[in-house]
Amino acid sequence: MNEWIHAIQARKWMKKNESFLPVWHAYVGAELDLFHHFKKARTVEDVSKETGFPIDLLASWTNVGVAVKHLKRRPNQTFRTSKRRCASLVGNNVSPGVKALLKEIMELHMPTLLNYPEYMRSEKRARFDHERHGGIVAETSSLLEHFAIKKIKKMIADRQVTRIVDLGCGHGGYLRKLADEHPEVEMIGVDINQVVIEEAREKSQNYEHVHFDVGDIHSWRPEEGKADVILLHNIFHYIHPDSRQGLLDHLNSYLSKDGLISVITPISETEHGEAFSSAFNSFFVAHSNLFALPTKNQLRQITADCQFELFDLDPIIKEGSWFTFWLSPGITLQDLRQTQIAGSSEQTLTRQQQMSS
């Protein structure tokens, strides 16, 4: 009886694995451009001859594709890509974002999570390779632009903005979208990855006032003047929790008095997207150079400590627990010191006047 129970329990876990198959199948198809090869109904043999891929592996992939409805079985042992289910992976509609997301899941997230037992036993961590995977992450991060850009445009529409800085700018998508409506505004993108910056420059070559620098956001600052808007998107998990306050203090040093910081970040322990955000958090903490997602309370604490007002905190993608919010500067330490000095001088002057009278 016990063996029967064990078999039933194992069967239940096997069924739960079915949801993984569409992601695996889409990843293989996107990597090898197989959805394009089966855009029209074709046999496995024909595609194998054309691509050089082993016929048995290709046949197995097509069978999974039929099972998960990515491919349709047609007459004469032919297969065709489902236009409805795989539109973003075939033809002129191929989405770089979707391909990058599949690549990130299968080449970054899954291997890291599968190695979790080893990390826990050895106390060693993975190390995120910015040079190798920076482009993929920049591409997937750009998917958020479409959900966030309207809110950013609305906020800055009626403000006197002369300079916008995007820290961790990736391929510069936010700046190009803002430059389309504000071509006269100076815009500077900053990223630590040279290859990513070169891609951003290539994509932005037709934008006269959009420029890019390779730099560390902890130390980079404009050569002169202040920034009216700073974009700080998907950055906190690259910053050690003990260094986040220092980063905000640094940004405050070159943010204009009436300026704003736009923040987008996944947040831990929220009422939205708990499963995804906790798994995402597990991926980050498994690395020696990536760090845990902040909670709402932690964000409120560090922003308060840095004399920022945090407002308009809203989920932008609930299933991933991504949130947007704004930071506006309050009294900085320098302002506070100047106020104290001025107050002390005024008190001294008052006492001198009282004594002379």
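None of these values were measured; they are calculated from a predicted model. Position 1 is the first residue of the sequence, and the numbers go up from there.
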Below 30° counts as parallel, above 60° as perpendicular, anything between as tilted: where do the rings of His25 and Phe35 land? perpendicular
Kindly assign one of parallel, tilted or perpendicular to the pair His130 and Phe128, based on the angle between their ring planes and the thresholds 30° and 60°.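 Because their plane-to-plane angle is over 60°, the rings of His130 and Phe128 count as perpendicular.
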Can you confirm whether [X] sits close enough to [Y] that some side-chain heavy atom of one is under 4.5 Å from a side-chain heavy atom of the other?
X	Y	value
Arg159	Leu260	yes
Leu71	Thr81	yes
Asn76	Thr43	no

Give the intermediate values and the outcome of side-chain hydrogen bond (donor to acceptor under 3.5 Å, both in side chains) for residues Gln301 and Asn297. CA-CA 6 Å; Gln301 184 62 54; Asn297 288 337; over 6 Å; no
Among pairs that include at least one residue of residues 183-200, which meet salt bridge (charged side-chain N to carboxylate O under 4.0 Å, His left out), considering only residues two or more places apart or in two chains? Arg163-Glu186, Glu199-Lys203
Begin from the C-alpha positions of His237 and Thr265 and carry the test side-chain hydrogen bond (donor to acceptor under 3.5 Å, both in side chains) through to its verdict. CA-CA 8 Å; His237 47 268; Thr265 184; 4.8 Å; no
Under a 3.5 Å distance rule, please check whether [X] uses its side chain to pair with a backbone N or O of [Y] as donor and acceptor.
X	Y	answer
His250	Trp220	yes
Thr303	Arg300	yes
Ser321	Ile267	yes
Glu118	Asn115	no
Lys226	Ser253	yes

State which residues pass salt bridge (charged side-chain N to carboxylate O under 4.0 Å, His left out) with Glu269; sequence neighbours excluded, sorted by chain then number. none
side-chain contact (heavy atoms from CB on, under 4.5 Å) between Leu167 and Leu251, worked out: CA-CA 10 Å; Leu167 300 176; Leu251 303 191; 3.4 Å; yes
Is the number of heavy atoms from other residues, nucleotides or ligands within 6.0 Å of [atom1] ([X]) greater than 12?
X	atom1	result
Glu208	CD	no
Asn17	CG	yes
Glu274	CD	no
Phe311	CZ	yes

To the nearest 0.5 Å, tell me how far [X] [atom1] sits from [Y] [atom2].
X	Y	atom1	atom2	answer
Ser243	His218	OG	NE2	6.0 Å
Cys169	Phe212	SG	CZ	5.5 Å
Met155	Thr324	CE	OG1	9.5 Å

Taking the six-membered ring for Trp and the single ring otherwise, decide whether the centroids of [X] and [Y] are under 6.0 Å apart.
X	Y	answer
His287	Phe283	yes
Phe53	His37	no
Phe79	Trp61	no

Starting from the C-alpha separation in whole Å, work towards a yes-or-no answer on salt bridge (Lys or Arg N to Asp or Glu O under 4.0 Å) for Glu50 and Arg42. CA-CA 11 Å; Glu50 182 176 285; Arg42 303 183 67 189; 3.0 Å; yes
Member of Thr78, Thr62, Leu58 meeting the side-chain contact (heavy atoms from CB on, under 4.5 Å) criterion with Val47: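 Answer after filtering Thr78, Thr62, Leu58: Leu58.
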To check you understand the geometry: which heavy-atom pair defines the closest contact between [X] and [Y], and what is its length?
X	Y	value
Phe276	Gly320	CD2-CA, 3.5 Å
Ser278	Ala275	OG-O, 2.9 Å
Ser48	Pro54	OG-C, 4.2 Å
Asn234	Pro266	OD1-CD, 3.7 Å
Phe325	Leu327	CE1-CD2, 3.8 Å

